[in-house]
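All figures in this text were calculated on a predicted structure; none of them were measured in a lab. Numbering starts at 1 and runs along the sequence shown. FYI, side chains are in, hydrogens and waters are out, and symmetry mates aren't considered; it's all heavy atoms of this structure.
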Amino acid sequence: MMNVPRLSPPRLPDADATKAALRTMVPFQVRGRVAAVTGDAVTVQGLIAPLGAICELQPTDASPTLARVIGFDQSRPILAPLETITRLTAGDRVQLLAHAMPLRVGPALCGRVIDAFGRPMDGRPLAADLRRVDADHSAPDSLNRPPIDQPLQTGVRAIDALLTCGIGQRLGIFSGSGVGKSTLLGMLTRGTNADRIVIAMVGERGREVSEFIQRTLGSEGMKKSVVVVATSDKPAAQRLSAAWTATSIAEQFRDEGHNVLLLVDSVTRFAMAQRELGLAAGEPPTTRGYPPSVFNLLPQLVERAGRTEKGSITAFYTVLVEGDDHNEPIADAIRGLLDGHIVLNRRLAQGGHFPPIDIPQSVSRLQNHLVSPEVNAAVLKIREHMVQYENSEDLISIGAYRSGTDPRIDAAIAMRDPIGELLRQASDEQTPLIEAQQSIVRLASESSQTATAAHTQRRQPLENET
């Protein structure tokens, strides 16, 4: 039998990837020269480029540096460096590279650590089968979004039981510095049942990056995760791009039919980066120095997450509240854009209660549509006990409350320790969603019997005194 040679026809490039590349490419060279440098803003003359375009600063005796067009001084583009400028002088050349930031995505990106431009940071080259896409997308049309009707397991009992999150929901984690945001994010990555995880570390300390990857994610968590990093020492434009890059990667996974968990830490540093760029471009400062563009970009960022007909992006955005003020401008603006908020309490953390989630101050706006009536009734009862104890805590702590006076307060006192025991959880402990909801139903049913017995026992000494 003759050996018939096998033909290997050439593979045609992906049509969508080719279309995206053609849309962003510059078919001819467009050059200009540096006219002025003011702070982190570089003004260029003789260059015509659209807003958001990527340019290359070409110093005479230094390496080229990428920059993005962020505004205009009359007809002259204003550029924000995407990398640290080592040396730049007036008259240095500037070349237009692309009309938008290109990005390579695909399943082979899982397990990798990349920077805000999609370049690898772990010392390994990217796979050859990654597709080139445009990093700038618009949010899905509001009328084409399916309703969120399925819960997402996070592995955190306090969230799954009392603040149930849906697949495609967007929530904020509000906290002061050093209260436990990063620890809670680590618990979410280990306990979730999402298909893919995309993590954006915006403005974090360099030391925390390797610790989060090695100690928090681990080898198992990294297998289905993509980590996008822009540390605090990077230019503002790069810190801003990290959030957009992570969101674009999550969108590509969603379009492939996956349920994606997107974690952005933190949206406050994203806003601070835009504040730097906005002020450099000449925008007027408003509340606490934030220019109007900050409050325009926040909804553009969070609206790109959510559920579509193909898949879903469930997003958690951490918000670093300045001075533990939960009504500061960024926290107040982002709270109104999300589908719920989780508040971390410093006092709980100082008392050794982890994760320090303040249940009465937190809410999931979709919980009623995600749990059964039995679970919902149990949640309302437990929250009632917690609020009642919080309102009467001062009287109880100084001994001014007499047992047996009010059955609601007696019930809150009796249930305080069982509720606290349920909500406390070690950082390496994981609880299935069903088990967490069964625990809250069981605790609520036991609370009625415990409260009745406690009130009767405390009422007898009061009657004897009378």
**OP:** If a pair satisfies ring-ring contact (aromatic ring centres under 6.0 Å, His included) and one of its residues is in residues 256-280, list it, with sequence neighbours excluded.
**Re:**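 Listed once each, the pairs are Trp244-Phe270.
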Side-chain donor-acceptor distances from residues 313-322 under 3.5 Å, at least two apart:
| unit_1 | atom_1 | unit_2 | atom_2 | d |
| --- | --- | --- | --- | --- |
| Thr314 | OG1 | Gly168 | N | 2.8 |
| Thr318 | OG1 | Val264 | O | 3.4 |
| Thr318 | OG1 | Asp265 | OD1 | 2.6 |

Using a 3.5 Å distance criterion without hydrogens, assess whether the side chain of [X] forms a donor-acceptor pair with backbone atoms of [Y].
{"X": "Arg112", "Y": "Pro125", "result": "yes"}
{"X": "Ser232", "Y": "Arg205", "result": "no"}
{"X": "Lys224", "Y": "Gly111", "result": "no"}
{"X": "Arg275", "Y": "Pro291", "result": "no"}

Original post:
side-chain hydrogen bond (donor to acceptor under 3.5 Å, both in side chains): which pairs involve residues 178-195, sequence neighbours left out?
Top reply: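 Listed by first then second residue: nothing to list.
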Original post:
Hey, mind stepping through Ser248 and Arg304 against side-chain hydrogen bond (donor to acceptor under 3.5 Å, both in side chains) and telling me if it holds?
Top reply: CA-CA 9 Å; Ser248 298; Arg304 288 173 63 174; 3.0 Å; yes
Can you sort out the partners of [X] under side-chain hydrogen bond (donor to acceptor under 3.5 Å, both in side chains), two or more places apart, ordered by chain and number?
{"X": "Thr164", "answer": "Gln367"}
{"X": "Asn391", "answer": "none"}
{"X": "Lys310", "answer": "none"}

**OP:** For side-chain hydrogen bond (donor to acceptor under 3.5 Å, both in side chains), just list the numbers for Glu283 and Ser293, CA-CA rounded to whole Å, side-chain angles, deciding distance to a tenth of an Å, and then say yes or no.
**Re:** CA-CA 8 Å; Glu283 285 190 72; Ser293 62; 2.6 Å; yes
With no hydrogens and no angle check, do the side chains of [X] and [Y] hold a donor and an acceptor under 3.5 Å apart?
{"X": "Arg365", "Y": "Gln169", "value": "no"}
{"X": "Asp92", "Y": "Thr89", "value": "yes"}
{"X": "Thr308", "Y": "Asn144", "value": "no"}

Sequence neighbours left out, what passes salt bridge (Lys or Arg N to Asp or Glu O under 4.0 Å) with [X]? Give chain and number order.
{"X": "Glu204", "value": "Arg269"}
{"X": "Asp339", "value": "Arg170"}
{"X": "Arg33", "value": "none"}
{"X": "Arg157", "value": "Glu429"}

So [Y] and [X], do their side chains get closer than 4.5 Å, heavy atoms only?
{"X": "Thr286", "Y": "Pro292", "value": "yes"}
{"X": "Leu422", "Y": "Ile419", "value": "no"}
{"X": "Arg196", "Y": "Val226", "value": "no"}
{"X": "Ile173", "Y": "Leu188", "value": "yes"}
{"X": "Val371", "Y": "Val379", "value": "no"}
{"X": "Val198", "Y": "Leu261", "value": "no"}
{"X": "Thr247", "Y": "Leu301", "value": "yes"}
{"X": "Val37", "Y": "Ile85", "value": "no"}

Could you report the tightest heavy-atom contact between [X] and [Y], atom names first, then the distance?
{"X": "Asp325", "Y": "Arg288", "result": "OD2-NH2, 3.2 Å"}
{"X": "Ala237", "Y": "Leu277", "result": "CA-CD1, 3.9 Å"}
{"X": "Arg145", "Y": "Ala139", "result": "NH2-CB, 4.1 Å"}
{"X": "Arg254", "Y": "Pro140", "result": "NH2-CG, 3.7 Å"}
{"X": "Pro360", "Y": "Arg383", "result": "O-NH2, 3.6 Å"}
{"X": "Ile114", "Y": "Pro120", "result": "CG2-CA, 4.2 Å"}

Subject >> Derivation and outcome, side-chain contact (heavy atoms from CB on, under 4.5 Å), residues Ile78 and Val69 >> reply: CA-CA 6 Å; Ile78 300 176; Val69 179; over 6 Å; no
Would you compute the distance between atom [atom1] of [X] and atom [atom2] of [Y] and round it to the nearest 0.5 angstrom?
{"X": "Leu163", "Y": "Ile357", "atom1": "CG", "atom2": "CD1", "value": "6.5 Å"}
{"X": "Leu370", "Y": "Cys165", "atom1": "CG", "atom2": "SG", "value": "8.0 Å"}
{"X": "Leu217", "Y": "Glu211", "atom1": "CG", "atom2": "CD", "value": "13.0 Å"}
{"X": "Asp233", "Y": "Thr84", "atom1": "CG", "atom2": "OG1", "value": "7.0 Å"}
{"X": "Ser364", "Y": "Ile342", "atom1": "OG", "atom2": "CD1", "value": "8.0 Å"}
{"X": "Asp129", "Y": "Arg104", "atom1": "CG", "atom2": "CZ", "value": "8.5 Å"}

For residues 43-59, which side-chain donor-acceptor pairs fall under 3.5 Å, sequence neighbours excluded?
| unit_1 | atom_1 | unit_2 | atom_2 | d |
| --- | --- | --- | --- | --- |
| Glu56 | OE1 | Gln58 | NE2 | 2.9 |
| Gln58 | OE1 | Arg31 | NH1 | 3.2 |
| Gln58 | NE2 | Gln95 | OE1 | 3.2 |

**OP:** Describe, in one word, how the ring planes of His341 and Phe174 are oriented to each other, choosing from parallel (under 30°), tilted (30 to 60°) and perpendicular (over 60°).
**Re:**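 Perpendicular.
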**OP:** Could you walk me through whether Thr431 and Asp160 pass the side-chain contact (heavy atoms from CB on, under 4.5 Å) test, one step at a time?
**Re:** CA-CA 9 Å; Thr431 303; Asp160 288 342; over 6 Å; no
**OP:** Could you go through the side-chain contact (heavy atoms from CB on, under 4.5 Å) check for Val294 and Ile330 one step at a time?
**Re:** CA-CA 9 Å; Val294 172; Ile330 299 303; 3.8 Å; yes
Original post:
Between Glu328 and Arg335, is there a side-chain N and carboxylate O pair less than 4.0 Å apart?
Top reply: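 Salt bridge absent between Glu328 and Arg335.
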**OP:** Starting from the C-alpha separation in whole Å, work towards a yes-or-no answer on side-chain contact (heavy atoms from CB on, under 4.5 Å) for Phe117 and Met101.
**Re:** CA-CA 8 Å; Phe117 315 126; Met101 175 69 72; 3.5 Å; yes
**OP:** Kindly state each residue pair satisfying salt bridge (charged side-chain N to carboxylate O under 4.0 Å, His left out) with at least one member in residues 58-75, sequence neighbours excluded.
**Re:**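 Pairs touching residues 58-75 that pass the test: Asp61-Arg87, Asp73-Arg76.
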